[in-house]
Amino acid sequence: MEGLRCRLRFYVNAHNMFAIMPERNVLSGESSFGRLWVRFMTSSKRVQDRSREKRVQELEIATEKWKIASKVIFLMEVLKGERDMIITVRSLEQYRRQINLPKPHKISDFIRKSPKLFELYKDQRGVLWCGLTDEGEDLLEEHDKLLEENGDKAAEHVTRCLMMSVDKKLPLDKIVHFRRDFGLPLDFRIDWVNKFPQHFKVVKLGDEEYLELVSWNPAWAVTELEKKTLGLTEENDHKPGMLSLAFPMKFPPSYKKMYRYRGKIEHFQKRTYLSPYADARGLEAGSKEFDKRAIAVMHELLSFTLEKRLVTDHLTHFRREFVMPQKLMRIFLKHCGIFYVSERGKRFSVFLTEGYEGPELIDKCPLILWKEKLLKFTGYRGRKRDIPTYSDTLDMQERELLESGSGDESLSVKFEKDDDDVGTDDDEMDIDEVNDAYEEHSKV
C-alpha cells in the first residue's frame, strides 16, 4: 500500500504537472483501482515554445498596442464613475487585477506615464489623488459621442449574435464580456439594452437575466464572408443554409509546413458547411461539418469586433449557445491561416488574420481611430522591438510604460507603499486544454 501511495503522489509546481492520463502503465496486475495510466504534462513555457514557428511578430505588436489602450481606457472609465471624476490612488489598488499590474510596480507609477491624460496631486492631509486632465476629459467626452454614434451598428451585431445562438437568447452576464469589443457603452446593462425594443428585450429566467431576440431579420442573416466573397448585400428574403465559401488565409511568414498540407487545405476550403445563422442542432459533434461551421461562427464573431480580435476566454463562454466544440483552442491552432493566437500575458488572444496588414488594422472604424489617438497621449511608443520570450510577467512594451521617463519629471509626489496582492483571473483557459491543443497540432 505504501508503494502504491508513492506511485500515485502528484507533484505540481512551476515546471512539472502530472495528471492521470492514458499513456504509460505504471501498475501491473489487477486491483480495485483498475489500471492507472500516467502522462507527464509539459509546462506552459514549453507549450508556448512549440508554436514558435507560427508566431507573427506584427500581430504581437498589435496585441501590445491594444492591451495598453485597454488599461488606460479602464482607468478612464473608473474615474468617470467617480464623483467629480477623482479617486484616491489607494482606492485604485482594488483594480490591480483588471489592469494586470503586479508588484513591485505601483499604480501611481503607471499613471505617471500618461501625464497628458491623468494628473496626481495631494490634498491637505497628504492623501494622493488621481484625476483626468483637460485633454483626458475631452477625449472621454469624444469617446462617449462615438459610442452613441456606434449604437445602431452595435445593436446590429448583438442582434446577429442572438440570431446565431441556438435558443435565440444569451445571458447578459456573458454578453458583457464583449462590451468593449463590440463598442458598447458603460450603461449597457442598465439603459442601452432597452433602447432597441424592435431587436431584443431583457427577460429573467430564474435568477439570471437574458437578452432575447424579438424578431428575426433576414437581411442580417448574411455572413460577412458572403458579403465579401459573393458581393451579397442585405436581402430581406435571404434564407441561411449550406455554404461553400473559402476562408481568406494568411499564414505566418516562417510557417513552411503549409506547402506540405496544401492538398488538405484545398479540400477543407471546398467542403460545404452550415451557415452560422442556420439551425445547427442536427449536426453531429466532432464531425467535419460541425467543426467547419464552428470556424464560420468564430469568423463571424471576430468580424463584429472593433479590433478583429478577442480574448479566447470570451469565446469559450459561448460554446453551448453557439454550438461550438469544447476544445476551441485546437480549432484556432489547426487553422492558423484563418486565426492567429497570441500568447502575450496571462490570457490568450485570437486574431482574424485577414483583418490585418502587418501590425495595422485594414478597416478602422471611428472608435479604433479614437484608440490610436488615445495612445498618442500615453507613454506607449509602439517600437517594433523583438519579443524574445512569452514567460515574462509584464510584457516588454508595458514595462517600457512603467519604467521609461514620463516627459513630466517636474511632477513631485511621494509614492505610497502597495498593500494588496495581485488578483488572480478566474477566466483563464484551463492549462490542460491549451496543453492538449498544442500537443495534438504541434505537427500540423
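Treat the numbers as computed from the prediction; the structure is a model and nothing was measured. Heads up: numbering here begins at 1 and tracks the sequence. What's counted below: heavy atoms across the whole structure, side chains too, no hydrogens, waters or symmetry copies.
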Applying side-chain hydrogen bond (donor to acceptor under 3.5 Å, both in side chains) to Glu360 and not counting sequence neighbours gives Lys364
**Prompt:** Can you list the residues that meet the side-chain hydrogen bond (donor to acceptor under 3.5 Å, both in side chains) rule with Thr63, with sequence neighbours excluded?
**Reply:**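 Checked Thr63 against side-chain hydrogen bond (donor to acceptor under 3.5 Å, both in side chains); matches are Ser342.
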What pair of heavy atoms forms the shortest contact from [X] to [Y], and how long is it?
X	Y	answer
Thr378	Leu375	OG1-O, 2.8 Å
Glu300	Glu224	OE1-N, 3.0 Å
Leu184	Ala154	CD2-CB, 3.5 Å
Gly183	Leu367	CA-CD1, 4.1 Å
Cys161	Leu301	SG-CD2, 3.6 Å
Thr353	Cys336	CG2-O, 4.3 Å

For the residue pair [X] and [Y], establish whether any side-chain heavy-atom pair is separated by less than 4.5 Å.
X	Y	result
Phe318	Val297	no
Glu321	Pro171	yes
Phe251	Ile265	yes
Leu79	Leu140	no
Lys376	Lys116	no
Phe196	Val214	no
Thr159	Asn217	no
Pro325	Phe290	yes

Spell out, as yes or no, whether a donor-acceptor pair under 3.5 Å connects the side chain of [X] to the backbone of [Y].
X	Y	value
Thr305	Arg309	yes
Asp279	Arg281	yes
Arg293	Tyr273	no
Arg160	Trp220	yes
Glu212	Lys168	no
Tyr340	Val56	yes
Glu307	Asp181	no
Glu372	Leu369	no

For the pair [X] and [Y], find out whether any cationic side-chain nitrogen is under 4.0 Å from an anionic carboxylate oxygen.
X	Y	value
Lys250	Glu357	yes
Arg262	Glu266	no
Glu148	Lys145	no
Arg330	Asp291	no
Lys153	Glu156	yes

If you count heavy atoms of other groups shown closer than 6.0 angstrom to NZ of Lys174, is the number above 12?
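Yes - once you tally the heavy atoms of other residues, nucleotides and ligands closer than 6.0 Å, there are more than 12.
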Here the salt bridge (charged side-chain N to carboxylate O under 4.0 Å, His left out) pairs for residues 76-88, sequence neighbours left out, are Glu77-Arg179, Glu77-Arg180, Lys80-Asp144
**Item:** Leu132/Met76 under side-chain contact (heavy atoms from CB on, under 4.5 Å): CA gap, chis, key distance, verdict
**Value:** CA-CA 8 Å; Leu132 286 170; Met76 294 175 75; 4.1 Å; yes
To the nearest 0.5 Å, what is the distance between [atom1] on [X] and [atom2] on [Y]?
X	Y	atom1	atom2	result
Leu230	Leu245	CG	CG	5.0 Å
Lys371	Leu146	NZ	CG	12.0 Å
His299	Phe304	NE2	CZ	11.0 Å
Lys308	Leu59	NZ	CG	14.0 Å
Glu343	Thr312	CD	OG1	10.5 Å
Ile99	Ile107	CD1	CD1	3.5 Å

Across all chains, not counting sequence neighbours, the salt bridge (charged side-chain N to carboxylate O under 4.0 Å, His left out) partners of Asp138 are none
Sequence neighbours left out, what passes side chain to side chain contact (heavy atoms under 4.5 Å, CB included) with Arg271? Give chain and number order.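 Checked Arg271 against side chain to side chain contact (heavy atoms under 4.5 Å, CB included); matches are His267, Phe268, Lys288, Lys292.
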Given Trp370 and Leu306, is the side-chain contact (heavy atoms from CB on, under 4.5 Å) satisfied, shown in steps? CA-CA 11 Å; Trp370 179 88; Leu306 303 178; over 6 Å; no
_Aromatic ring pairing His177/His317, orientation class (parallel under 30°, perpendicular over 60°, tilted between)_ =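 The rings of His177 and His317 lie parallel, inter-plane angle below 30°.
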Pairs flagged by side-chain hydrogen bond (donor to acceptor under 3.5 Å, both in side chains) wherever residues 183-199 is involved - sequence neighbours left out: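 Residue pairs with at least one partner in residues 183-199: Asp173-Arg189.
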Derivation and outcome, side-chain contact (heavy atoms from CB on, under 4.5 Å), residues Leu274 and Leu243: CA-CA 6 Å; Leu274 194 63; Leu243 299 174; over 6 Å; no
Hey, mind stepping through Leu75 and Phe110 against side-chain contact (heavy atoms from CB on, under 4.5 Å) and telling me if it holds? CA-CA 10 Å; Leu75 287 179; Phe110 182 80; 3.6 Å; yes
Residue that, paired with Met298, satisfies side chain to side chain contact (heavy atoms under 4.5 Å, CB included) out of Val350, Leu352, Leu328:
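Among Val350, Leu352, Leu328, the one that satisfies the side chain to side chain contact (heavy atoms under 4.5 Å, CB included) with Met298 is Leu328.
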task: Could you tell me whether Phe182 and Phe188 have their ring centroids closer than 6.0 angstrom?
output: no
